[in-house]
Structures are given as C-alpha cells and as structure tokens.
Peer 1: 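My questions will all concern the structure given below.
The chains referred to below are lettered A, B, ... by the order of the sequence lines, with proteins before strands, and numbering in each begins at 1.
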Amino acid sequence: MDRNNVLEVKDLHVSFHTYNGEVQAVRGVSFEEKKGETVAVVGESGCGKSVTSQSIMRLIPQPPGVFKHGEILFEGNDLTKLPEKQMEGIRGKDIAMIFQDPMTSLNPTMTIGKQIMEGLVKHRKLGRAEAKEKALEMLRLVGIPSPGSRIDQYPHQFSGGMRQRAMIAIALACAPKLLIADEPTTALDVTIQAQILDLMNDLKEKMDTSIILITHDLGVVAETADRVVVMYAGKVVETGTVEEIFNRPRHPYTWGLMGSMPRMDLSRDTELTPILGAPPNLLSPPKGCPFASRCPHAMKVCKEQMPETTDASGTQRVACWLEHPMAPSVEIPHDLVGGASK
Amino acid sequence: MNSSTQKMTPEMFEPVAKDTLAQEGVASKKITFWGDVWRRFRQNKGALLGVLLLVIIAVLAIVGPDINSYSYRATNYEITNQETVGDHWFGTDGLGRDIWTRTWYGAGISLLIALLATGFDLLIGVPYGCISGYYGGKVDNWMQRIIEVLYGIPNLIVIILLLLWLKPGIIAIALALGITGWITMARVVRGQMLKLKSQEYVLAARTLGASTRRMLTKHMLPNVLGPVIITVMFSIPTAIFFEAFLAFIGLGIRPPQASLGVLINDGYQVLQLFPYQLFYPALILSLIMLSFNLVGDGLRDALDPKLRQ
Amino acid sequence: MGRYVLQRMMYMLITLWVIITLTFFLMHSMPGSPLQHEDKIPVELKEQILKQYGLDQPLPVQYVKFLGNLFQGDLGTSFKYDGRSVTELILQGFPASLQLGLQATAVGVLFGLLLGCIAALRRGSWVDNTANIFSILGYSVPNFVLATLLAYFVGVKLGWLPVGLWHGPEYSILPSISLAVLVIATMARYIRTEMLEVLGQDYMKTAKAKGLSARTAITKHALRNALIPAVTVLGPLVINLITGSLVVERIFAIPGMGWMFVDSIQIQDYTVIMGVTIFYSALIIVTMFLVDVLYGIIDPRIRIGGVKE
C-alpha cells in the first residue's frame with residue numbers, strides 16, 4: 001500500500017439478497033484516498049456510492065447485505081478481514097462518518113452532549129468531566145452558539161443545520177484520520193448547505209483529516225473536492241482530479257452529468273440536457289458497459305464486453321470503449337468546454 | 001487493455017442505433033399493490049393456517065349441527081353426562097343433549113354475534129370516520145371531542161351495563177359490542193382519511209374537478225380499505241372473546257340457545273366431574289380466536305407498505 | 001405540558017361524569033324493582049325499604065343525592081349483603097385484587113420485555129419463532145379458558161398448587177399466571193415491533209459508526225427508544241387485568257373485587273354493580289391519564305414541546 005494513501009479500496013463487490021434475487025450493488029470498485037485529500041464520489045442514486053462508503057465502515061447490515069470480494073486497506077490493514085472487536089476500535093476513532101439526514105441520525109432521547117461524549121469515553125478513555133469539556137469544545141468548534149446550554153438539549157430542540165453541525169461534532173470528536181460524509185448537505189436548505197461545506201473544509205484543514213464525500217451534487221464537488229470518482233451502476237466509470245473531470249471529462253456518462261448541471265461559467269443560453277433513460281437493474285446487470293443503453297455513442301462492443309479501465313493521464317482513468325484505439329474519435333460535447341468552476 | 005479474451009475487430013466499434021438500445025433495459029417485474037399483498041400473505045405460513053382453520057370451522061359451524069341426527073335442544077335423560085355414547089362424538093351434557101351438535105351450533109352463534117357486532121362497527125365507524133376526516137375543521141374538531149370522551153369509557157363497563165339493561169340475546173349482545181367497538185373503526189378511518197387528504201394524487205384529482213362523492217368512492221375508500229380490513233380482522237376475535245366472557249360471568253344468551261361462551265360456562269360448572277364438556281367448546285373457541293389473530297397478523301404484515309422491498 | 005395535563009384532566013372528569021350518569025340512569029331504568037325477587041315482603045314493608053334506600057323520590061333528586069354522596073365516598077348500601085356499605089365492600093375486596101394485579105403485571109412486564117427484546121434481536125431465529133408462537137397463543141386463548149385449564153390440570157390433577165381461596169402466597173400463583181400470560185403476550189409483541197423499528201433507525205447506524213459495540217448500541221440507544229412507547233401499553237393492560245380478574249377470581253374463588261362484581265351481576269345487586277362500575281371506570285381512566293402524563297415525562301420530545309412532532 002502506498003504510504004501516502006490513507007485508504008485503498010480494491011475491486012470491492014457487495015451484494016444484497018432480496019426477494020427478487022441478488023442485487024449487485026457494488027461490482028468491482030477501486031479507488032484510493034491520499035492523505036489530506038477530499039475525494040468526491042459522485043453518481044445518481046442507486047449507483048452504489050452509499051453502499052461503498054458504508055462498506056468501508058462495515059455498516060452494511062448482514063443479512064441482507066453480503067460482502068463478496070475485494071480489499072479495503074486502511075493503514076495497511078484489510079478492514080474486510082478485521083475482527084469486529086478491532087473494527088469497533090477503528091470506527092469513530094480513525095474513520096468517522098456523517099449521514100445524510102440529520103433529522104433521523106441523532107438519537108431523539110439522548111442529549112446532544114452525551115451523544116458526543118460517547119465516542120470520547122470509548123476511544124479516548126476520558127472521564128465524564130473531561131469528555132464533557134471536550135464535547136463543549138467540539139460544539140464551539142462546529143459553530144454552535146451558547147454551547148454551554150445547548151450541550152444538555154435534545155436533538156429536537158436543534159434546527160436541521162444545527163443538527164448536522166452536531167453530527168459533525170460527533171464524527172470529529174476523536175479527530176479521525178478519515179471522515180466519510182454521505183450526502184451531508186442533501187437534506188439541508190440551500191443556504192445552510194454552503195455553511196456546512198465551509199465548516200467541513202475548515203475543520204479538514206484544522207484537524208488534518210481526509211474526507212470522502214459522497215454526493216450527487218456536482219456543485220458541492222466543485223467547491224470541496226480534490227479528486228472525483230464517478231460511479232455508475234456499481235462501477236467506477238471515471239476518476240480524475242477535479243480539474244480534469246470538469247475540464248476534460250472523458251466518459252460519456254460524465255459528459256451527461258456535466259450537461260445536466262447548471263453552470264455559471266457557461267453562456268446563459270446553454271440548455272441543460274438530461275440523461276435519457278434509467279440505470280440498469282442491478283438484479284441482472286448487463287454483461288457489457290452498464291451505460292451502453294443510455295449512451296449516445298454506444299457501439300456494438302459496448303453491449304458485449306465491459307471496457308477496461310485505462311489511464312488517460314497520470315491521474316485520470318476511464319472505463320470506456322471510446323478509449324480503444326479502434327474506436328472512432330468522439331469529441332467532447334462543445335457546450336461542456338469551459339473553465340472548471342473551481 | 002487487450003487482455004480481453006475476445007479478439008477485437010473493427011466492426012465491433014460500429015455505432016449502434018439508439019432506439020434498439022432502448023429495448024435493452026432489463027424490465028423489472030411489475031408488482032401491483034394487491035398482488036404484492038397477496039404474495040406476502042401467501043408466504044406467511046401462520047396466516048395460511050389461520051385461513052384453513054377458519055374455513056373448516058365456518059363449514060362445520062354451518063353443517064356441523066346437521067351431521068348427526070341430534071338437535072341442539074333435544075334432551076335425553078337416559079344418557080346424561082356420557083363422554084362417549086353412540087354417535088354422540090363429543091358426548092352428552094347434563095340434560096343428555098349432544099355436545100357435538102351444541103358445540104357447532106354454539107360456534108355458529110358466536111360467529112354470528114361477532115359478525116353482527118363487526119357489522120355495527122362498520123356501519124357507525126366508517127361513516128363517522130369518513131365525515132370527520134374528510135371535512136376536517138370544525139366538524140372534525142367536534143366529532144373528535146365526542147370520540148375522546150367516549151374512548152375514555154371502558155368498553156367492558158358499557159357492555160355489562162347495556163346487557164344488564166337489554167337482557168342478553170343475539171342482537172342485544174351484538175349491539176352492545178358494536179356500540180363500544182365502532183370508536184376504534186372511526187379512529188382508523190379518520191386517520192387514513194387525514195393522511196390521504198394531504199397526498200398529492202388526491203389534490204390532483206380535486207384540481208381536475210372530481211366531485212366529493214367521486215373523491216370518496218373512487219380515490220379514498222379503496223385506500224382506506226386495507227386498514228379497515230385489518231381492524232375488522234381484529235375486532236371479530238375481540239367480539240367473540242367478549243361474547244364468551246359475558247356468558248362466563250352470567251350475561252350470555254339464554255338456554256336452550258347456546259354460544260361457545262355459554263357452553264364453556266356450563267362445562268365449567270361440572271369441570272371436576274366431566275372435564276370433556278368444557279374441553280371441546282374451549283378448544284373451538286381458542287382455535288377461532290387463534291385463526292383470526294393469525295390471519296389478522298398476516299394481513300397487517302402484508303398490507304404494511306413499510307415492509308415492502 | 002401544563003396546558004396539556006389540564007386539558008387531559010378535563011377530559012378525564014367529563015368521561016367519568018358521563019360514566020357515572022350513564023350508570024345511574026341505566027341502573028334506575030332497569031325493568032322491575034331491585035326487590036323483585038322478594039315477592040313475599042308485605043307492601044308496607046317494601047315501601048319502607050324503598051324509602052330507606054331513597055328509591056321513592058323522583059329520579060333527578062336521587063341523581064343529585066347520588067352525586068353528592070359519591071363526592072363523600074359514599075356509594076350507598078348493598079341490597080343483598082345485609083345492608084353493608086358498598087364502599088366497605090369495595091375496600092374489603094380491593095387488596096386481594098390489587099395484589100393479584102400487581103403480581104401479574106410485574107411477572108408479565110418483566111417476561112414480556114425480555115421475550116420481546118430477545119425476539120427482535122434474534123429476528124428469524126428459533127427464539128423469535130417460539131416467542132411469536134407463544135405470544136399469539138397467549139393472545140388467542142381466552143383468560144378464563146386458560147385459568148380453568150390451569151386450575152384443573154396443575155391444581156386438581158397434579159395437585160401441585162391450591163386452586164381456591166386466598167390463604168397465602170402460594171394461593172396467588174396460579175391466578176397470577178393466568179392473568180400474566182396475556183400481559184406477557186401483549187408486551188412481547190409490542191416490544192418486538194418497537195425494537196425492530198428502532199434497530200432500523202439511522203441513529204443506530206450513527207451509534208455503530210461511533211465505534212460502540214453492538215451490545216452498547218442496543219442498551220444505550222435502542223432499548224430506551226423502544227421502551228418509551230411501551231409505557232402506552234400500560235393503559236390497555238390495566239383494562240385487561242380487570243377483565244381477567246372478573247373471571248379468574250371467580251374460577252379460583254378469590255375474595256376480590258372481581259368476584260364480588262360478577263356475583264353482584266348474577267344476583268342483580270344494583271348498588272354494588274353501580275359502585276364497582278364507577279370504581280373500575282375511575283381506575284381505568286386515571287391509569288390512562290397517568291400513562292399519558294408519564295409518557296410525556298419520559299419522552300423528551302413531548303416533555304418540552306407539549307405535543308409529539
């Protein structure tokens with residue numbers, strides 16, 4: 001494992017057993033996270049990004065979830081093989097997580113203070129008084145006004161944005177090396193979204209934490225990420241630095257994503273073009289490229305075989321048949337060409 | 001990248017027309033709501049057992065009394081309290097009456113009372129809940145105040161009082177049970193109506209100019225149906241229990257008519273000497289309650305959309 | 001919260017008043033005089049007795065007097081028990097009934113909780129299946145059938161425990177079990193459902209993501225959230241216990257209120273019926289009220305806001 005990497009996910013496969021059969025939610029996902037980096041994992045709902053993130057924390061309920069294959073290397077340890085007891089020592093201490101909906105992810109019958117203190121008591125072996133002191137400090141750090149009185153309040157007394165701040169306080173209490181934020185701003189008002197993102201960026205610098213940001217919002221990506229992993233139907237279709245993905249996306253799906261996002265840097269007449277169709281059913285994923293049925297540039301081979309991942313530059317990798325030397329050359333849709341918005 | 005097993009040929013890289021691609025998507029099995037309900041109900045072994053038991057018991061309650069030659073009221077003082085004699089399959093009671101016949105006759109009466117009581121529930125509860133929930137506002141407010149007061153009154157007390165007053169008979173017992181039972185039904189229906197009213201499709205239908213009548217019959221009632229069915233499935237065994245319970249404390253229907261409760265009460269009097277006289281009606285009563293509860297549970301689980309995957 | 005309590009208290013009083021009034025007028029419009037069975041009493045004596053009980057006065061006057069006396073804890077005198085006061089009879093029967101009820105509640109709640117929790121945590125295992133079968137049986141077999149069977153088999157056939165009267169702790173075992181089974185069944189079902197619901201909540205994921213062990217996550221986060229709503233079961237539970245005590249006390253010949261009530265129904269001792277009815281109603285209504293308030297106190301979401309969101 002590369003010493004600069006905090007996390008390496010290699011060929012991860014996760015499935016769910018349902019009444020209808022086995023849903024292959026994640027089908028061979030690989031990416032790595034460098035120290036101090038923010039990696040954004042983007043894709044439509046159901047593309048497997050949340051499953052991937054919860055697999056890293058081993059939070060997938062089993063059953064119905066099944067870990068099929070792959071490695072998740074964190075500081076040289078394969079998390080998939082760790083005994084549960086050791087995994088507990090990593091959760092909350094080295095890897096922490098923030099969930100999408102702050103309305104439901106806090107325990108309604110426990111005070112905010114106690115919920116922050118729990119991790120501290122467990123991992124830092126702090127006494128009650130010390131833990132409370134630290135919890136106060138965390139509340140102050142995440143910008144909750146009058147933390148002294150807020151610490152003894154219950155979640156329902158907090159607004160949505162405040163709750164997400166409290167969630168961040170819980171997650172960062174033990175100064176984790178890696179923070180996984182699963183759509184941390186999706187459930188919030190637009191005005192609050194920016195505040196939460198700023199807070200996360202700010203704390204990332206302060207605490208020297210690496211972040212995996214799961215989102216379907218490219219605006220959020222542009223604002224926070226260093227690198228981007230684009231997922232589609234349980235697979236990584238393209239990865240690259242945020243500049244590469246926004247300036248020179250190579251996968252037609254990424255083009256589609258870009259085309260369906262409003263951008264300030266392009267002319268106002270540019271129309272948004274939705275990606276037609278729907279992602280394939282992962283109960284019986286197609287044998288070829290999963291995007292083939294929606295791809296405007298699909299070729300015969302796309303339906304037959306899954307393309308391999310190829311290096312487009314030192315940092316950008318794409319899984320698309322258009323990269324093949326025999327493929328016709330296809331231009332990036334011209335309306336996507338513009339400056340990256342970062 | 002050329003480690004692929006298949007050899008690459010240029011024609012593989014010809015573009016494909018888009019419309020052929022559209023057909024490629026794997027269509028997921030379409031499951032209708034009721035189809036889904038049935039699918040899940042069928043998987044529930046307990047519920048199926050309940051249905052089976054109910055069918056058997058219902059059939060026997062109808063034809064059972066006529067299978068042998070005895071009438072439920074015919075006494076025969078030659079053969080009193082005999083556990084097995086001739087074709088008295090369940091034996092005879094203290095007056096020489098056939099217990100098999102009386103048990104199934106009693107089961108029929110018990111079921112009849114329960115169905116009547118549930119009928120009363122529906123008759124009062126559904127309109128009450130519909131009106132309260134559909135109109136809302138002041139009407140709802142007042143109707144709810146009434147419910148709140150009535151809901152606080154213990155059912156048992158009202159039933160006992162009413163039966164002391166009415167003198168127990170099939171109709172009287174069913175009425176007493178219905179008078180107390182409709183409140184639950186009204187609450188369920190009102191709750192559903194309120195929930196539905198706030199839903200988009202109802203608003204859509206209303207915007208399109210659907211009449212109140214049409215709204216109620218075409219859009220809302222079908223959706224209220226599930227919870228109503230579940231409530232019915234649980235109010236029937238409750239009614240059967242209460243009927244038997246009342247008989248056991250001396251408020252059952254009068255002889256020579258018999259319900260399961262009356263038979264159990266009679267059997268209880270001679271329990272030490274002739275336990276079999278209590279056993280059969282008690283078994284049938286318990287089986288009826290069990291079946292309804294099993295089916296009710298099964299339906300509730302099947303209809304609960306939270307469990308839909 | 002204060003407003004809420006006041007409002008609930010008002011409803012409680014209205015409900016009680018409705019019951020008292022209903023009871024009074026139903027009892028006084030019963031066909032026949034309370035003394036109908038004592039035909040041989042001379043007319044003058046009968047009139048004298050009626051006068052003594054105040055039954056010769058107009059109904060409204062009697063009603064006002066009745067309410068007045070009720071306020072002072074005077075429920076009138078029994079017709080049948082040599083003119084003893086109803087209040088005295090109730091106080092005499094209450095301790096045994098209370099002890100029985102508390103024992104059954106304690107046993108029932110404890111085992112119900114355990115069973116429900118284990119079933120939910122081991123969902124789909126044999127423990128879960130057994131618990132489910134047990135609770136649906138406990139739900140379905142009527143308490144008087146269960147009590148009768150226990151009395152007959154454990155008491156009479158095996159002779160392990162006394163089956164009648166009330167002379168010591170061992171006398172309360174069988175009746176307590178008879179009552180507790182339904183409590184266990186109700187509690188286990190309820191807790192299982194609540195627990196499963198809670199286990200699927202997002203905050204359980206948060207708890208695990210903090211690094212808490214499954215055990216800590218359950219005891220610190222799941223249990224409290226699953227148990228709080230269980231308080232609401234206490235109201236219906238008291239009703240169940242009262243219903244049960246009527247028959248169980250009769251079956252085990254326990255000199256409690258339940259038996260007295262059934263007895264008074266059978267001999268139509270109207271003042272006792274009225275008195276006990278009112279007492280039971282008050283007990284149930286006050287319990288429901290207390291449960292509501294208690295729920296408000298232990299659930300922080302209600303504690304402050306007044307209404308659950």
Side-chain angles (χ1 to χ4, degrees), chain B residues 45-46 50 145-146 148-167 234 237 240-251 260-261 264-265 267-268 271-272 275 278-279 281-283 285-294 296-297 300-301 304 306-307, chain C residues 8 11-12 14-19 22-23 25-27 29-31 132-133 135-137 139-146 148-149 151-153 156-157 189 197 200 238-239 242-244 246-247 250-251 258 261-263 265-268 270 273-274 276-278 280-281 283-285 288-289:
Chain B
K45 288 190 208 96
R145 295 291 86 81
I146 296 173
E148 225 154 308
V149 170
L150 291 181
Y151 189 69
I153 304 177
N155 284 357
L156 177 73
I157 302 291
V158 179
I159 293 170
I160 289 178
L161 284 179
L162 278 176
L163 283 180
L164 281 169
W165 193 59
L166 286 171
K167 296 302 164 205
F234 286 113
I240 288 180
F241 167 77
F242 262 120
E243 185 280 321
F245 174 83
L246 290 168
F248 199 76
I249 62 170
L251 291 172
L260 288 175
I264 290 171
N265 194 25
Y268 169 71
L271 176 68
Q272 307 256 0
L278 174 108
F279 179 73
L283 178 71
L285 177 69
S286 303
L287 282 180
I288 294 179
M289 301 261 303
L290 179 67
S291 323
F292 273 110
N293 283 332
L294 283 171
D297 272 1
R300 189 181 48 197
D301 292 348
D304 191 348
K306 260 192 289 185
L307 295 168
Chain C
R8 287 279 306 138
Y11 276 117
M12 182 173 84
I14 296 175
T15 310
L16 254 181
W17 172 75
V18 169
I19 293 170
L22 190 79
T23 316
F25 285 103
L26 277 181
M27 284 297 125
S29 61
M30 289 291 170
N132 283 335
I133 292 171
S135 43
I136 196 139
L137 281 177
Y139 233 68
S140 302
V141 177
N143 42 26
F144 50 94
V145 170
L146 180 72
T148 313
L149 293 178
Y152 182 69
F153 286 108
V156 178
K157 281 277 164 184
R189 268 163 80 106
E197 171 110 23
V238 169
I239 299 178
I242 289 177
T243 317
L246 299 192
V247 287
R250 177 183 171 218
I251 291 166
F261 188 49
V262 175
D263 203 37
I265 288 171
Q266 283 171 348
I267 57 176
Q268 309 204 333
Y270 288 129
I273 295 178
M274 263 162 62
V276 178
T277 302
I278 292 166
Y280 274 153
S281 308
L283 192 66
I284 290 170
I285 292 168
M288 299 280 232
F289 169 73

Peer 1: Between CG of C:Leu22 and OG1 of C:Thr15, what distance do you get to the nearest 0.5 Å?
Peer 2: 12.0 Å

Peer 1: Of all of C:Arg250, C:Met288, C:Gln266, which one pairs up most often with chain B through heavy atoms under 4.5 Å apart?
Peer 2: C:Arg250

Peer 1: So for B:Leu283, is it side chain, backbone, both, or neither that comes closer than 4.5 Å to the heavy atoms of chain C?
Peer 2: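 Neither part, no heavy atoms under 4.5 Å.
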
Peer 1: Quick check on B:Leu163 against chain C: is it the side chain, the backbone, both or neither that has a heavy atom closer than 4.5 Å?
Peer 2: neither

Peer 1: Restricting to non-hydrogen atoms, name the atom on B:Asn293 and the atom on B:Pro237 that form the minimum distance, rounded to 0.1 Å.
Peer 2: OD1-CG, 3.8 Å

Peer 1: Quick one: list whatever passes ring-ring contact (aromatic ring centres under 6.0 Å, His included) with B:Phe242, sequence neighbours left out.
Peer 2: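 If we apply the ring-ring contact (aromatic ring centres under 6.0 Å, His included) test to B:Phe242, skipping adjacent residues, there are no hits.
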
Peer 1: Heavy-atom distance under 4.5 Å to chain C: side chain of B:Leu166, backbone, both or neither?
Peer 2: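 When you check distances to chain C, no heavy atom of B:Leu166 falls under 4.5 Å.
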
Peer 1: Using non-hydrogen atoms only, which part of C:Asn132 is less than 4.5 Å away from chain B: side chain, backbone, both, or neither?
Peer 2: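 Contact with chain B is absent: no heavy atom of C:Asn132 under 4.5 Å.
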
Peer 1: Could you tell me the separation between the CD atom of B:Glu243 and the CG atom of B:Leu251, rounded to the nearest 0.5 Å?
Peer 2: 11.0 Å

Peer 1: Please state whether the side chain, the backbone, both or neither of C:Ile273 comes within less than 4.5 Å of a heavy atom of chain B.
Peer 2: side chain

Peer 1: Please classify the contact between C:Val145 and chain B as side chain, backbone, both or neither, with a heavy-atom cut-off of under 4.5 Å.
Peer 2: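 Side chain of C:Val145 only, per the 4.5 Å heavy-atom cut-off to chain B.
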
Peer 1: For chain B, which candidate among C:Ile19, C:Ile14, C:Ile136 shows the most heavy-atom pairs at distances under 4.5 Å?
Peer 2: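 Highest number of heavy-atom pairs under 4.5 Å: C:Ile136.
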
Peer 1: Which heavy atom of C:Arg189 sits nearest a heavy atom of B:Arg300, and at what distance?
Peer 2: NH2-NH2, 3.6 Å

Peer 1: Can you tell me which portion of C:Phe289 sits under 4.5 Å from chain B's heavy atoms? Options are side chain, backbone, both or neither.
Peer 2: neither

Peer 1: Under 4.5 Å heavy-atom distance to chain B, tell me which part of C:Leu26 shows up: side chain, backbone, both or neither.
Peer 2: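 Its backbone and side chain both get close to chain B.
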
Peer 1: How many angstroms lie between atom CZ of C:Phe144 and atom CD1 of B:Ile249, to the nearest 0.5 angstrom?
Peer 2: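 Spacing of CZ (C:Phe144) from CD1 (B:Ile249) equals 10.0 Å.
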
Peer 1: Please check: side-chain N/O of B:Asn265 versus main-chain N/O of B:Ala247, any donor-acceptor pairing under 3.5 Å?
Peer 2: yes

Peer 1: Pick from C:Val276, C:Leu137, C:Thr23: which one has the most heavy-atom pairs with chain B under 4.5 Å?
Peer 2: C:Thr23

Peer 1: Does any backbone or side-chain atom of C:Tyr139 lie under 4.5 Å from a heavy atom of chain B? Answer side chain, backbone, both or neither.
Peer 2: both

Peer 1: For B:Asp297, is it the side chain, the backbone, both or neither that has a heavy atom under 4.5 Å from a heavy atom of chain C?
Peer 2: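 Contact with chain C: side chain only.
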
Peer 1: Nearest 0.5 Å please: distance from the CG atom of C:Leu246 over to the CD1 atom of B:Ile160.
Peer 2: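 Output value for this atom pair is 5.5 Å.
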
Peer 1: What part of B:Leu290 gets closer than 4.5 Å to chain C, counting heavy atoms only: side chain, backbone, both or neither?
Peer 2: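 Looking at B:Leu290, backbone and side chain both touch chain C.
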
Peer 1: Which one wins on heavy-atom pair count under 4.5 Å against chain B: C:Ile265, C:Leu149, C:Leu16?
Peer 2: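 Most heavy-atom pairs within the cutoff with chain B belong to C:Ile265.
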
Peer 1: Below 4.5 Å, heavy atoms only, C-beta onward: do B:Ile288 and B:Leu260 meet side chain to side chain?
Peer 2: yes

Peer 1: Which atoms of B:Phe248 are under 4.5 Å from chain C, going by heavy atoms: the side chain, the backbone, both sets, or neither?
Peer 2: both

Peer 1: Closest approach of B:Ser286 and C:Val141, non-hydrogen atoms and distance?
Peer 2: OG-CG1, 4.0 Å

Peer 1: Please confirm whether C:Phe261 and C:Tyr280 have ring centers closer than 6.0 angstrom.
Peer 2: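 Yes - the distance between ring centres of C:Phe261 and C:Tyr280 falls below the 6.0 Å cut-off.
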
Peer 1: Could you have a look at C:Asn143, C:Ile242, C:Ile239 and say which one has the most heavy-atom pairs with chain B under 4.5 angstrom?
Peer 2: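 Option with the greatest count: C:Asn143.
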
Peer 1: Checking heavy atoms, do the side chain of B:Leu156, its backbone, both or neither come under 4.5 Å from chain C?
Peer 2: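 The answer is the side chain of B:Leu156.
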
Peer 1: Tell me every residue that passes ring-ring contact (aromatic ring centres under 6.0 Å, His included) with B:Phe292, counting only those two or more places apart in sequence or in another chain.
Peer 2: none

Peer 1: Sort out for me which of C:Thr277, C:Ile251, C:Val262 touches chain B most, counting heavy-atom pairs under 4.5 Å.
Peer 2: C:Ile251

Peer 1: At a heavy-atom separation under 4.5 Å, does B:Leu285 approach chain C through its side chain, its backbone, both, or neither?
Peer 2: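 For B:Leu285, side-chain heavy atoms alone lie under 4.5 Å from chain C.
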
